[in-house]
Amino acid sequence: MDFATRIATWQQRHGRHDLPWQNTRDPYRIWLSEIMLQQTQVSTVIPYYQRFLERFPDLRALAAADQEDVMPYWAGLGYYARARNLHRCAQEIVRDWSGRFPPDAAAIATLPGIGRSTAAAIAAFAYGERSPIMDGNVKRVFARHFGIAGDPARRETEIRLWGLADAQLADGAGHEVDMGAYTQGLMDLGATLCVRGRPSCDRCPVAETCIARREGRQAELPTPKTRKASPERRTGMLVLQHEGRILLQRRPSPGIWGGLWSLPEFDAALDAASACRELGATPAAIFELAAFAHTFTHFRLHVRPWYVVLAQAPDMAGKPWQWVDAAGSAAVALPAPVRKLIDGLFADGLPEDLMAPAA
């Protein structure tokens, strides 16, 4: 059997079949899962996927919603540009495609936030289209099986991998393969057997023809990326509390945490009292909280948070700010580290004695 047929046959017998977005031809549900799964573990995605569908059961429901309504259902999942593009994409399909998902991978790839591989996966699962995919896990499978050295993120290596992916579906190759099973099989193989650390070559359906296995090069393929030191950034963050409510600011879009609500930030070189004055807030007591760090794709953010009880609240009318109940902010779209900070601080009601007030 050829490569594609072996992958598809293995998937039908041993692959994953009970994920909530499987066993459907609905391109909306398939598309949603593919976007959520980008750089995110399956176990993390499942509850988000289910909650999202409960609120937005179809494409028109998503398109009709405001972005403000969408973001709470993505908060904590990360990579928030995905949610903004998802919303824009739904609106474009309603406007330009009469509410029907585009019929092939080439058309799907023209939509916001959908690249070639994602478009091909959607078309394969929804329409059975013979289009190859090439996500991170699949790059590892192809690099090992066909012995392709070089950083998979570099253009020249990626071109070679895509050429091999095309060849597996060319005339005379995999001509009778079930595209859904083949596409899912590549994903399953990379996620469960052909993993980064110790691949389970003894259970691999294409082990007999794998160059990395034959030459003992599993550990060196794919070629590791050249890692650069992540830039370090620092910020101060204020938990401003007044009469049981805290002040939140909507983050500008696009940008880090764009479209979400977050705590007011200030230059880490300033003290909390000075930051309060810049906001027009009058503090009654200031407490320094434990610092923490959060890693983004391209940098690491060090946060120095402060809890401030206000004697007088600033007037934020007409600005992208809101006061929310301190102990009941669950319905607000907050970034995961901000959610963790607030939930920890107010888990047992309003904090009374954190530590001695900072000078």
Side-chain angles (χ1 to χ4, degrees), residues 1-17 19 22 25 27 30-31 33-34 37-38 103-109 114-196 199-215 217-218 220-223:
M1 291 189 288
D2 57 36
F3 178 85
T5 302
R6 281 181 286 162
I7 295 287
T9 301
W10 170 81
Q11 198 283 327
Q12 289 166 335
R13 295 174 180 171
H14 305 290
R16 297 175 293 186
H17 297 277
L19 298 175
Q22 292 182 311
R25 291 280 189 172
I30 294 166
W31 162 58
S33 70
E34 289 297 320
L37 287 165
Q38 291 172 356
D104 54 59
I108 295 171
I114 301 182
R116 177 182 175 184
S117 184
T118 300
I122 296 168
F125 291 134
Y127 310 131
E129 182 175 324
R130 293 171 60 83
S131 297
I133 64 167
M134 189 55 63
D135 66 10
N137 281 342
V138 178
K139 285 180 180 180
R140 184 166 58 255
V141 171
F142 272 78
R144 283 175 173 163
H145 186 268
F146 295 101
I148 305 300
D151 183 349
R154 294 183 64 86
R155 181 64 177 161
E156 57 268 28
T157 308
E158 191 170 29
I159 289 173
R160 292 185 67 190
L161 293 172
W162 272 110
L164 287 166
D166 282 323
Q168 307 317 304
L169 299 174
D171 292 343
H175 59 283
E176 294 182 353
V177 72
D178 180 319
M179 277 305 301
Y182 173 58
T183 302
Q184 186 65 53
L186 287 174
M187 296 176 176
D188 290 353
L189 185 61
T192 63
L193 300 186
C194 196
V195 296
R196 286 189 181 90
S200 300
C201 297
D202 57 324
R203 294 189 287 139
C204 177
V206 291
E208 292 183 1
T209 51
C210 178
I211 292 176
R213 179 176 181 269
R214 184 172 68 230
E215 299 178 357
R217 299 169 62 197
Q218 296 97 319
E220 66 182 73
L221 293 175
T223 303

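These values consider heavy atoms only, across backbone and side chains, with no hydrogens, waters or symmetry-generated copies.
A cation-pi arrangement is absent between Arg203 and Trp10 under the rule of less than 6.0 angstrom and at most 45 degrees off the ring axis.
How far OG of Ser200 is from CD of Gln218: 11.0 Å, rounded to the nearest 0.5 Å. The structure places OG1 of Thr157 at 9.0 Å from CD1 of Ile159, a figure rounded to the nearest 0.5 Å. With values rounded to the nearest 0.5 angstrom, Asp2 atom CG is found 3.5 Å from Thr5 atom OG1. In this structure, the separation between CD on Glu215 and CD on Glu220 is 8.5 Å, given to the nearest 0.5 Å. With rounding to the nearest 0.5 angstrom, the SG atom of Cys194 is 10.0 Å from the CG atom of Leu221. With values rounded to the nearest 0.5 angstrom, Arg214 atom CZ is found 13.0 Å from Cys201 atom SG.
Between Leu189 and Cys204 there is a side-chain heavy-atom pair separated by less than 4.5 Å. Put simply, the side chain of Met134 does not reach to within 4.5 Å of the side chain of Arg116, judged on heavy atoms. Asp178 places none of its side-chain heavy atoms less than 4.5 Å from the side chain of Tyr182. Side-chain contact between Trp31 and Ile114: present, with at least one pair of heavy atoms (C-beta onward) separated by less than 4.5 Å. For the pair His145 and Ile211, the minimum side-chain heavy-atom distance is 4.5 Å or more. Side chains of Arg160 and Phe146 form no contact here, defined as non-hydrogen atoms less than 4.5 Å apart. You'll find the side chain of Phe125 stays beyond 4.5 Å of the side chain of Gln22, heavy atoms only. Considering only heavy atoms from C-beta on, Ile148 comes within 4.5 Å of Leu164 through its side chain.
Within a 6.0 Å radius of CZ in Arg16, more than 12 heavy atoms belonging to other residues, nucleotides or ligands are found. For Glu156, the CD atom sits in a packed shell: over 12 heavy atoms of surrounding residues, nucleotides or ligands are nearer than 6.0 Å.
Between Glu158 and Lys139 there is a salt bridge, with a side-chain nitrogen of the basic residue lying less than 4.0 Å from a carboxylate oxygen of the acidic one.
Residues passing the side-chain contact (heavy atoms from CB on, under 4.5 Å) test with Ala123, sequence neighbours excluded: Ala105, Ile108, Tyr127, Glu129. Looking at residues two or more places apart in sequence or on another chain, you find a side-chain contact (heavy atoms from CB on, under 4.5 Å) between Asp135 and Ser117, Asn137, Val138, Met187.
Closest of all the heavy-atom pairs between Ala121 and Ile133 is N-CG2, 3.6 Å. In terms of heavy atoms, Met1 sits closest to Thr9 at SD-OG1, 4.1 Å. Here the closest heavy-atom approach between residue Ser131 and residue Ala120 is recorded as CB-CB, 3.6 Å. The two residues Leu186 and Phe142 come nearest to each other via the heavy atoms CD2-CE1, 3.9 Å. Closest approach of Gln11 and Gln184 over heavy atoms only: NE2-CG, 3.4 Å. Here the closest heavy-atom approach between residue Gly128 and residue Arg25 is recorded as N-NH1, 3.4 Å.
Of the residues listed (Asp166, Leu169, Thr183), the one engaging Arg130 in a side chain to side chain contact (heavy atoms under 4.5 Å, CB included) is Leu169, and it is the only one.
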